[in-house]
Amino acid sequence: MIIVMKRGAAQSSINAVSDYIESKGLNVHISKGTELTIVGIVGDKSKITTDNLLALPDVEKIVPVSESYKLANIQFHPEETTIKINDNVSIGKNTFTVMAGPCAVESLDQLMSTAIAVKKAGATILRGGAYKPRTSPYSFQGLGIEGLKMLKAASDETGLATVTEVISTASIEAAVDYVDILQIGARNMQNFELLKEVGRTNKPVLLKRGMCATIDEWLNAAEYIMSEGNLNVILCERGIRTYGTDTRNTLDLSAVPVLREHTHLPIIIDPSHATGNYKYIKPMALAASACGADGLEIEVHNDPAHALSDGAQSLTFERFNDLMETLKPYCDLAGRKL
Ligand code: PEP
Ligand code: MN
C-alpha cells in the first residue's frame, strides 16, 4: 500500500502519516520526487485503518500495491534510481556504465593488463571473480582472498571501481574490504540467506537473474536484499534457459521494458554469459543500449584461448575496444553518456 501526498504537502503532514504507520508497528519508506511525495507501507497492512489515514492533512489517496515486493516496486519510488558507486561512477538514467574484465582473476599480471586495457577503452568498472561457482568441483574455483587483493591493486592503479561475486558468508566478509560492488550470481539468486547477508552490508549489489527465474521471482530476490536495509540493488539480465542450444542461454532483452514497468532499479545486460560466444557479444551489447538498459557487464581476457574459465565468450582487448567504439553513437542516440 502507498499513500500519495498532495502536491507541495507540508513536511509536518508527511511526518504525521509516517508516525501513524509506525505507531501500528509497520515500516515506512518515503520517496520524495521533484513533485510528489509517496509514503510506502511495508508490513502487515491489515493493522491500518485507511479512513484514519485519509483523514490526515495533505493525504491525496491510498493505492494498494498488489505485488509482494514493495521497496523494489516502481509504485513505491516512481523515479528511476541512480546508484552512486564512487565519486566518478554511477549507474542509472543518463549514463551507460560498462563493467568489463576477466571471468576469473587468474594472476596479478592478467588482471592488471586487462584493467589497463578496459579502462583505456572506456569501461569504468573492473569485473573479476575471486570465488567461482563452477559447474564441476574439479574446475578452477578462483583465487579467493588473493584474487580480492589483486582487484584492489588493479583499482588503486587504474582508478576503476570493482565488482566481484560473493558466494558465502566468508566471501562477503572478505570482499567488503576490497571491492566496490558485490555480485550475486545466477546460481544464488534465490539463496535467501545470502541475499539477506548482502542486504546487511553497505555495498551496492549486482543481482543477476537466476537462469530459470521469472521477473517476479527476480524482483522478490531484490526485495530480500532491500528489506535488510540495503537499497542499492542493480539488476543484471544474463540470459535464461530455453530449448535453444545455439547459444549458452537466451538473452531476454524484453526483460528491460518489462522491468521498467515494475521497478525503479537500474538494469545491466551481460551478453557474455547470455550468449557464451564472443562473436555474439557486440550485436547484443548494441541491442542492450537501444532497448534502454543502463549498462553492460562483459568478459574480457588478455588471452582467451588460455583462460581458466569462459574463454569462448571472452573478448580480446582489441575486440573490446572495437565494441566500445561502435557503442558510442548508440549511447549518444539513447541520450546516455558512455
Ligand atoms: C559471472 O558473472 O562470473 C557469472 C558466473 O555469471 P552468472 O552468475 O550469470 O552465470
Ligand atoms: Mn564467466
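When reading the values below, keep in mind they use all heavy atoms of this one structure, side chains included, and skip hydrogens, waters and symmetry mates. Counting starts at 1 for both ligands and their atoms, in listed order.
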- Task: Please check if the side chain of Thr247 supplies one atom and the backbone of Thr250 the other of a donor-acceptor pair under 3.5 Å.
- Result: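 Not at all, since once roles are kept as given, no pair shorter than 3.5 Å links the two residues.
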
| message | Please evaluate residues Val176 and Val166 with respect to the criterion side-chain contact (heavy atoms from CB on, under 4.5 Å), reporting the C-alpha separation (whole Å), side-chain torsions for both, the decisive distance (0.1 Å), and the verdict. | response | CA-CA 10 Å; Val176 290; Val166 289; over 6 Å; no

Requested in this report: Please assess Cys331 against Lys328 for the test side-chain contact (heavy atoms from CB on, under 4.5 Å), listing each intermediate value before the final yes or no.
Outcome: CA-CA 5 Å; Cys331 294; Lys328 179 86 181 58; over 6 Å; no

Provide, to 0.1 Å, the distance between [atom] and the closest protein heavy atom, together with that atom's residue and name.
| atom | answer |
| --- | --- |
| atom 9 (O) of ligand 1 | Arg238 NE, 2.6 Å |
| atom 4 (C) of ligand 1 | His273 NE2, 3.5 Å |
| atom 5 (C) of ligand 1 | Glu165 OE1, 3.6 Å |
| atom 6 (O) of ligand 1 | Lys208 NZ, 3.0 Å |
| atom 3 (O) of ligand 1 | Arg127 NH2, 2.8 Å |

message: Same cluster or not: Leu251 versus Phe96, using hydrophobic residues (I, L, V, M, F, W, Y) connected whenever any side-chain heavy atoms lie under 4.5 Å apart?
response: yes

task: Give a yes or no on this: more than 12 heavy atoms of other residues, nucleotides or ligands lie within 6.0 Å of atom OH of Tyr330.
output: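 Count not over threshold, so no.
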
Handout entry: Residues, nucleotides or ligands: over 12 heavy atoms within 6.0 Å of Arg241 CZ
Key = no

Salt-bridge criterion met for [X] and [Y] (N-O under 4.0 Å):
| X | Y | value |
| --- | --- | --- |
| Arg248 | Asp310 | yes |
| Asp58 | Arg7 | no |
| Lys93 | Glu80 | no |

>> Under a 4.0 angstrom heavy-atom cut-off, which atoms of ligand 1 come close to Gly185?
In response: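 Once the distances to Gly185 are compared, the set is 8 (O).
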
| Between Tyr69 and His262, what is the ring plane arrangement, given parallel below 30°, perpendicular above 60°, and tilted in between? |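 Answer is perpendicular, since the angle exceeds 60°.
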
The Mn ion (ligand 2): which protein N, O or S atoms are under 2.8 Å away?
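Protein N, O or S atoms closer than 2.8 Å to the Mn ion (ligand 2): Cys103 SG, His273 NE2, Glu299 OE2, Asp310 OD2.
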
query: Arg187 to ligand 1: N or O pair under 3.5 Å?
result: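 Yes, at least one N or O pair falls under 3.5 Å.
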
> Ala186 to ligand 1: N or O pair under 3.5 Å?
Replying inline: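 Right, the criterion is met.
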
*asked:* Below a 4.0 angstrom heavy-atom separation, can you tell me which part of Lys132, side chain or backbone, both or neither, approaches ligand 1?
replied: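 The side chain, only.
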
